[in-house]
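A short write-up of the structure that comes next.
Order of the sequence lines sets the chain letters (A, B, ...), proteins ahead of strands, with each chain counted from 1.
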Amino acid sequence: MNSAREKILQNLRKSSTAVSSLSRLPNHQDASIYRNYDPARQNPLHVFAQKLAALKGEFFHVADELAAAKTLQELLSGFSSQTETAGAAKLAARHRHPLLDRIFAADQWLNENIQRIDRQEISSPDFADFMVGITAVDFLVARTASIVLSTATAGGRRLSVLPPFHIAIATTGQFVISLDEALKNYYARGEANRSSYATIITGPSRTSDIEKILVLGAHGPKRLAVIVVG
Amino acid sequence: MSEFSSFISRSAVKASDDSHRVKIAKAIATYDSAVAATKTSQFSDWQAARDFAETIKNYTLDHLADLLEQFESAFTARGGKVFWAANADDAANYVLQLAHRHHAQKVVKAKSMTAEEINLNENLAASGVEARESDLGELIVQLAGEKPYHIVTPAMHKTKAEISQLFQEKLNAPPTESAEELTMIARRHLRQDYVTADIGITGANFIIAEVGAISMTENEGNGRLTMSCPRVHIVIAGIEKVIPRLVDLSLFLPLLATSGTGQEITCYNSIVFGPRRHDEDDGPEEMHVILLDNGRSQLYNRQDFRQALRCIRCGACLNTCPVFRTIGGHTYNVTYQGPIGAVISPHYNGLSQYQHLAFASSLCGACSDVCPVHIDLHHLILENRSEAVRQTRQNPFWRLAMQIYAWMMRSRRRLNMMRNLLKIAQQLFWRSNKNRRKRAPKSAAKTFAQLWSEMSE
């Protein structure tokens with residue numbers, strides 16, 4: 001506790017004049033402010049897929065977990081030949097999560113080739129060698145094609161940002177229409193006290209810092225693929 | 001040289017620098033078209049969104065002390081540390097203490113204007129700690145030994161060729177004209193820094209009172225890496241950054257992205273609730289949030305100026321400002337440039353030295369029109385101007401001149417006489433200044449008053 005605390009708070013309580021006459025906060029009525037609300041409600045998957053493509057993310061909708069394993073293998077096989085030639089780099093890592101466990105159980109190749117991070121200490125430099133990070137998600141936000149992750153669903157903070165390719169696997173049941181819904185549910189479920197960190201990801205890493213020219217893969221993943229099961 | 005006279009000379013140089021104009025015009029044209037497109041594609045009612053944001057921020061300011069305490073208790077309950085800094089020195093010293101305690105050699109930094117406000121890089125360097133800027137724009141200006149040109153786009157004033165030159169000199173990079181290749185040079189350059197730095201430092205776009213968390217907006221991923229890899233995470237945030245509820249992000253994130261860069265929502269929006277939990281695989285062992293006052297609570301107690309604390313630092317007022325577009329960001333020589341800078345800098349940095357910023361405005365009101373939280377910027381600039389004038393009225397010459405002016409204006413005859421005198425003086429003035437860039441304007445044969453009386457006859 002430092003002395004400036006009392007002084008600052010005292011300063012902020014000095015004047016009793018209020019600028020607003022509100023006694024309580026208004027609710028968020030998303031629909032009245034944003035466009036694309038109704039289409040997203042009618043067909044969240046379609047709106048999400050369209051938006052993600054516009055952001056240069058990759059989208060896959062598969063029927064079941066078996067098909068998800070197949071899609072995953074196809075996405076990784078291109079990388080696997082690269083890693084063999086590169087030598088030092090490791091292919092991919094994933095964490096322990098019911099959905100991922102089921103998908104991996106269905107496929108021997110995935111089980112043999114993908115390292116599972118299971119509450120084991122992997123130092124950051126070692127982590128940087130992984131080519132692909134595979135995670136689950138908390139929510140899919142249809143209107144903006146955002147995915148919401150927390151440390152609990154994404155195996156910590158690094159797995160979804162340090163490798164140059166992030167593959168997020170979700171189910172259709174995780175769709176919400178807009179961000180306010182995702183955040184409301186996140187709060188109501190008490191996730192704030194279960195994970196120290198959450199992030200809302202909308203497309204692969206990008207920058208326009210040089211002459212406003214769009215470049216993908218500034219510091220985070222250059223590629224983002226979202227696989228939706230069901 | 002005083003801050004004022006150096007401002008004037010810098011302005012003169014930039015205003016007649018054609019290449020500077022071309023660069024800024026191009027960058028802002030790209031921004032303008034993206035913003036216009038996103039406003040209509042994302043919002044069915046932009047004005048309603050602004051009104052809503054203003055309402056929430058006004059409520060927040062009315063309850064600021066309570067909400068800050070709410071943040072503090074929720075955040076510290078999860079093991080986070082909160083430090084209240086009355087001024088820039090206190091904040092910088094706290095960071096230095098932490099660096100010292102953790103024997104830090106190197107810190108990695110994400111973009112933070114509050115860190116600029118407390119001169120953190122210089123302070124760290126003086127203590128032998130190396131600060132690595134990780135945002136691409138910030139890295140460019142750091143390598144060039146400059147300050148950020150713009151609160152959102154720090155390297156707006158640099159071309160690809162200039163950046164390539166810089167990377168060749170400082171990073172031994174091969175020459176290239178491709179923005180993509182330049183970005184990859186920066187990516188490779190910083191890759192190891194995230195995993196070897198002892199401390200990660202970021203700003204915060206929002207302090208969320210209800211859940212005791214901070215939120216940070218970015219596109220590159222350098223911020224996420226900065227708060228994921230090092231053992232210690234330090235956040236420097238102004239006390240006005242508060243929003244009451246987690247769900248309020250659903251309004252402020254799209255609003256900030258639309259006004260800041262013309263995106264619907266930025267690529268990464270992180271919400272940090274505290275340091276690594278015992279059951280988590282990674283994350284910093286310690287997390288500190290520095291709540292920075294540095295003049296804000298004084299501004300808060302100025303009834304007319306309190307609204308300036310609604311600012312979410314989107315940079316829209318800079319981009320639209322005809323003065324900013326002409327003189328550029330560095331000319332202001334303050335952390336916050338453009339109209340919002342002209343409003344708050346004199347209060348943060350000292351009115352006597354920075355009151356001239358209130359005059360670096362045409363008062364056209366374009367800034368107030370674009371502000372996503374409805375800050376009446378041009379009236380606040382006028383307010384600062386009037387304060388500056390009240391101070392300079394102490395000057396006896398100015399006072400005398402104003403008395404003559406008032407006396408003259410009180411009679412039609414005296415006004416006409418003065419006008420004729422001024423006409424002669426004007427011609428003499430132009431004749432004595434042959435090297436001016438402009439030619440002497442011709443005055444009309446008859447005055448408006450003469451024409452008017454002829455017409456009425």
Interchain contact, [X] with chain A, by part (heavy-atom threshold 4.5 Å):
| X | result |
| --- | --- |
| B/Thr266 | backbone |
| B/Thr159 | both |
| B/Leu251 | both |
| B/Arg224 | both |
| B/Ser134 | backbone |
| B/Arg191 | side chain |
| B/Met227 | both |
| B/Arg187 | both |
| B/Ile163 | side chain |

Side-chain heavy-atom pair [X], [Y] within 4.5 angstrom cut-off:
| X | Y | result |
| --- | --- | --- |
| B/Glu162 | A/Ile210 | no |
| B/Asn301 | A/Leu12 | no |
| B/Gln42 | A/Tyr34 | yes |
| A/Tyr197 | B/Arg276 | no |
| A/Leu179 | B/Leu253 | yes |
| B/Ile271 | A/Leu183 | yes |
| A/Tyr186 | B/Val247 | no |
| A/Asp209 | B/Glu220 | yes |

Contact leader toward chain A among [options], where contacts are heavy-atom pairs under 4.5 Å:
| options | value |
| --- | --- |
| B/Glu54, B/Glu218, B/Glu180 | B/Glu180 |
| B/Gln303, B/Gln263, B/Lys158, B/His63 | B/Gln303 |
| B/Ala86, B/Gly283, B/Gly274 | B/Gly274 |
| B/Leu246, B/Asp45, B/Leu249 | B/Leu246 |
| B/Ala34, B/Ser41, B/Ala85 | B/Ser41 |
| B/Gly223, B/Pro275, B/Ala48 | B/Pro275 |

Would A/Ser146 and B/Ile265 count as a side chain to side chain contact (heavy atoms under 4.5 Å, CB included) if you check the C-alpha gap in whole Å, the side-chain angles of each, and the deciding distance to 0.1 Å?
-> CA-CA 9 Å; A/Ser146 306; B/Ile265 185 166; 4.1 Å; yes
Got a salt bridge between [X] and [Y], using NZ or NE/NH1/NH2 to carboxylate O under 4.0 Å?
| X | Y | value |
| --- | --- | --- |
| B/Glu280 | A/Arg194 | no |
| B/Asp66 | A/Arg13 | yes |
| B/Lys26 | A/Glu211 | yes |
| B/Asp282 | A/Arg158 | yes |

Which atom pair, heavy atoms only, marks the closest approach of A/Ala192 to B/Phe273?
->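 Reported closest heavy-atom pair: CB-CE2, 3.5 Å.
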Could you pull out the closest heavy-atom pair between B/Phe52 and A/Pro26, with the gap in Å?
->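 Answer, listing the atom of B/Phe52 first, then A/Pro26: CE1-CG, 3.3 Å.
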Could you check B/Glu69 against A/Arg5 for salt bridge (charged side-chain N to carboxylate O under 4.0 Å, His left out), going step by step and ending with a plain yes or no?
-> CA-CA 10 Å; B/Glu69 283 186 317; A/Arg5 180 183 191 274; 3.5 Å; yes
Looking at A/Gly155, A/Pro204, A/Gly217, which makes the most heavy-atom pairs under 4.5 Å with chain B?
->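 If we count pairs closer than 4.5 Å to chain B, A/Gly217 comes out on top.
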Just by distance, no angles: are the side chains of [X] and [Y] close enough, under 3.5 Å, to form a donor-acceptor pair?
| X | Y | value |
| --- | --- | --- |
| A/Thr151 | B/Arg277 | no |
| A/Asn11 | B/Ser297 | yes |
| A/His219 | B/Asp135 | no |

Backbone N or O of B/Asp281 within a donor-acceptor pair of the A/Arg157 side chain at under 3.5 Å?
->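 Pair absent, no side-chain N/O of A/Arg157 close to backbone of B/Asp281.
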